[in-house]
2 protein chains.
Amino acid sequence: MAQSSQKINMADVARAAGVSMATASRALNNDYGVSEATRRRVLAVAEELSYVVSPEASRLAGGATGRVAVVVPHISRWFFAALLEGLESVLRAADLDVLLYHVDGIEDRHDFFRRLPARRKVDAVVVLAFPVGEEEQRRLELMGVTIIAAGGQHAPYPNVSIDDETAGRQAMDHLLFLGHRRIAMIAAVDPDQPDEVQPSGRSNAYYSALRDAGIPVDERLVVTVDWGGDQGADAMAKLLSQPEPPTAVYAHSDEVALGAIRTLRRAGLRIPDDISVIGIDDHPVAELTDLTTVRQPVREQGERAGRMLLDILRGEETEHDVVVPTQLVIRGSTAPPRG
Amino acid sequence: MAQSSQKINMADVARAAGVSMATASRALNNDYGVSEATRRRVLAVAEELSYVVSPEASRLAGGATGRVAVVVPHISRWFFAALLEGLESVLRAADLDVLLYHVDGIEDRHDFFRRLPARRKVDAVVVLAFPVGEEEQRRLELMGVTIIAAGGQHAPYPNVSIDDETAGRQAMDHLLFLGHRRIAMIAAVDPDQPDEVQPSGRSNAYYSALRDAGIPVDERLVVTVDWGGDQGADAMAKLLSQPEPPTAVYAHSDEVALGAIRTLRRAGLRIPDDISVIGIDDHPVAELTDLTTVRQPVREQGERAGRMLLDILRGEETEHDVVVPTQLVIRGSTAPPRG
């Protein structure tokens, strides 16, 4: 430990500069939330008193760690990685460090939230696209840890997301406009958060679009699977095993749609001639594979969440529910039905 | 700051338990590198003395931060995200925290390595698949920061990677075995590290395979681009604009191969009937799109790097160059040439 920091401590610097401990800490750490004039005054006083900055110790004294925990259920899936990339870019520009926590499954999530507060390691937690229980949320709030969510709707805390129902309607309305009436849905759910508990906006869109078009629902055309390409492939096989298969498929994500397309191709069916397929996301591979989809700006959701967090850490007002727009991207996997 | 930790400090605990400050710190933090017996003794002494653990302060005293910086040039590309996922899983199981740093371009890299040592924030740095200069490496070593690399060969420090030349030969030898003689290569390079400076193993494989097969090199069949699907698409267009296009294409990655396939499909060419395409990686989308490729275990490279790092932090021996095997995965994008 630095000797001199035990002689002259940060409280001495703060007192001499006429600022709070927190402000002194931030100024000495070159942190956010301190005016240039204040920073200069604190640094001048510190120099005068021969105060040696120990970043770690001064952060402790100021009560701010300078670190943000980012909790993700998946890292290697594009959607989560792109969210993370956007978020990291904003936090790093503000000189905050990103502590990455991958939580795999519901047990892991509980464990993370149980252990985090006891460690007091971070100023804030950003939750990327998974649900946090009310009890967990309450505990974090009691500890003074700020929570932000991105990539999914979490009404209790500030969040950034798309409107899933609108995105689903953009996909469904495109298929209906092309003249399809026998439309299947491959619904994707998080195994830890089944769709039956709370139907997702993407599922609601399917039913409302059919209702508005006066088309009766045929539940045999709805298959629910976990998120993923292989799952989409299996779902498509199930749809093809019916006496009267669909003429179009609405998949909850591009990866699910790509899996469905693999099955169709193996069955010798042509896309879009024999059957149309649409996804949601605009995954980078969608462009390479000519997949019609509904684009959501994923990196931007991460960036917006980062900016909301900075607002809160600076004690400024921020929006509570930010919804970023989605848009239909027409490529080669959709066409009017035959005949 | 906790009052009691100023009365009874960690040095008192260490002295009473008959261990070093570093060992006391690790035991109190439940860190790696302390036997169960020692840990129990230290905890018993701490309890007896009513020592209050401040994780942050005790880490400082022990000289270990309990944190590892992971530096990545891209987060949202599958290869890097999968490496990161494997690495994080091993480090978190050892109760180490992962600080994530995205460095975008060569300036960002320099900036990262210039600023990191001054902050003394981490015990180690794991570099995911990009080059670190000798000067940067020396400075980190002087600061006592351990360096590990994964996903690329970096002879100076312990590293995990595939053998790029072997992987390339597996791809090329498959095309040659099928009877192709007019084989193009779409070589991918990092714009910050051009292939001309040091040809990659994947490029070397192309030339050695042709030489071994007695086929003269036609430099018009070699196109070099940055990594990425769009770049692969452009490269393929260039190859198709020649009087005598290739019958097969060897792409340095699956994403580059998928881009090439998009161009071929738009040109009305059938794969593999008219032209064969092979990539390297076994990206999850390769399976969905029926792409023949050379599989590399990416998540495993991250995990192995994590285990090597733990060995080093525990003061144990570790391997220096770990090469994980690759294997040909034959799918539907390759076939013998026509005629």
Side-chain angles (χ1 to χ4, degrees), chain A residues 1 54-57 59-61 65-67 69-70 72 74-86 88-89 91-92 97-104 108 118-122 228-230 232-233 255 257-262 265-266 283-285 287-290 298-299 302 332, chain B residues 1 54-57 59-61 65-67 69-70 72 74-86 88-89 91-92 97-104 108 118-122 228-230 232-233 255 257-262 265-266 283-285 287-290 298-299 302 332:
Chain A
M1 316 230 79
S54 157
E56 202 73 52
R59 280 186 195 283
L60 259 182
T65 64
R67 291 190 292 270
V70 179
V72 282
H74 308 281
I75 297 173
S76 66
R77 289 195 192 167
W78 166 79
F79 175 77
F80 298 92
L83 274 177
L84 179 59
E85 188 166 285
E88 196 270 355
S89 69
L91 298 183
R92 199 164 61 92
D97 281 322
V98 170
L99 272 179
L100 180 66
Y101 293 94
H102 178 212
V103 292
D104 188 9
D108 236 19
R119 295 181 178 174
R120 288 187 199 79
K121 286 202 274 201
V122 296
D230 287 337
E255 279 160 301
L258 289 172
I261 287 173
R262 184 181 69 185
R265 202 176 44 228
R266 288 187 181 172
H283 188 295
V285 174
E287 213 222 319
L288 294 177
T289 55
D290 218 15
V298 182
R299 190 189 154 101
Chain B
M1 318 227 78
S54 158
E56 200 75 51
R59 281 187 195 283
L60 259 181
T65 64
R67 289 190 294 270
V70 179
V72 282
H74 308 282
I75 297 174
S76 65
R77 288 195 193 167
W78 167 78
F79 175 77
F80 298 92
L83 274 177
L84 179 59
E85 187 166 285
E88 196 270 355
S89 70
L91 297 183
R92 198 164 61 92
D97 281 322
V98 169
L99 272 180
L100 180 66
Y101 293 94
H102 178 211
V103 291
D104 188 9
D108 237 18
R119 297 180 178 174
R120 289 186 198 82
K121 285 201 274 201
V122 296
D230 287 337
E255 280 161 300
L258 288 173
I261 287 173
R262 184 181 68 186
R265 203 177 44 229
R266 288 188 181 171
H283 188 293
V285 174
E287 213 223 319
L288 294 177
T289 54
D290 219 16
V298 181
R299 191 189 152 100

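Just so it is clear: chains get the letters A, B, ... in the order the sequence lines come, proteins before strands, and each one is counted from 1.
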Chemist: For A/S76 and B/A81, which heavy atoms make the closest approach, and how far apart are they?
Modeler: CA-CB, 3.7 Å
Chemist: Roughly how far, to the nearest 0.5 Å, is the CG atom of B/L100 from the CD atom of A/E88?
Modeler: 5.0 Å
Chemist: Can you give me the closest heavy-atom contact between B/L99 and A/R67, atom names plus distance?
Modeler: CD2-CD, 4.3 Å
Chemist: With only heavy atoms counted, which part of A/A233 is less than 4.5 Å from chain B, the side chain, the backbone, both or neither?
Modeler: neither
Chemist: Please report the closest heavy-atom contact between B/L288 and A/G259, naming both atoms and the distance.
Modeler: CD2-CA, 3.7 Å
Chemist: With a 4.5 Å cut-off on side-chain heavy atoms, are A/V98 and B/Y101 touching?
Modeler: no
Chemist: Taking only Lys NZ, Arg NE, NH1 and NH2, and the carboxylate oxygens of Asp or Glu, determine whether A/R92 and B/D104 approach each other closer than 4.0 Å.
Modeler: no
Chemist: What part of A/E287 is in contact with chain B, defined as an atom under 4.5 angstrom from a non-hydrogen atom: side chain, backbone, both or neither?
Modeler: both
Chemist: Going by heavy atoms in the side chains, are B/H102 and A/L84 under 4.5 Å from each other?
Modeler: no
Chemist: Please rank B/V70, B/D108, B/V298, B/I261 by heavy-atom pairs under 4.5 Å with chain A and give me the top one.
Modeler: B/D108
Chemist: Against chain B, label A/E85 side chain, backbone, both or neither, depending on which of its atoms sit under 4.5 Å from a heavy atom there.
Modeler: both
Chemist: Looking only at non-hydrogen atoms, find the nearest pair between A/R265 and B/D290 and report the distance.
Modeler: NH2-CB, 3.7 Å
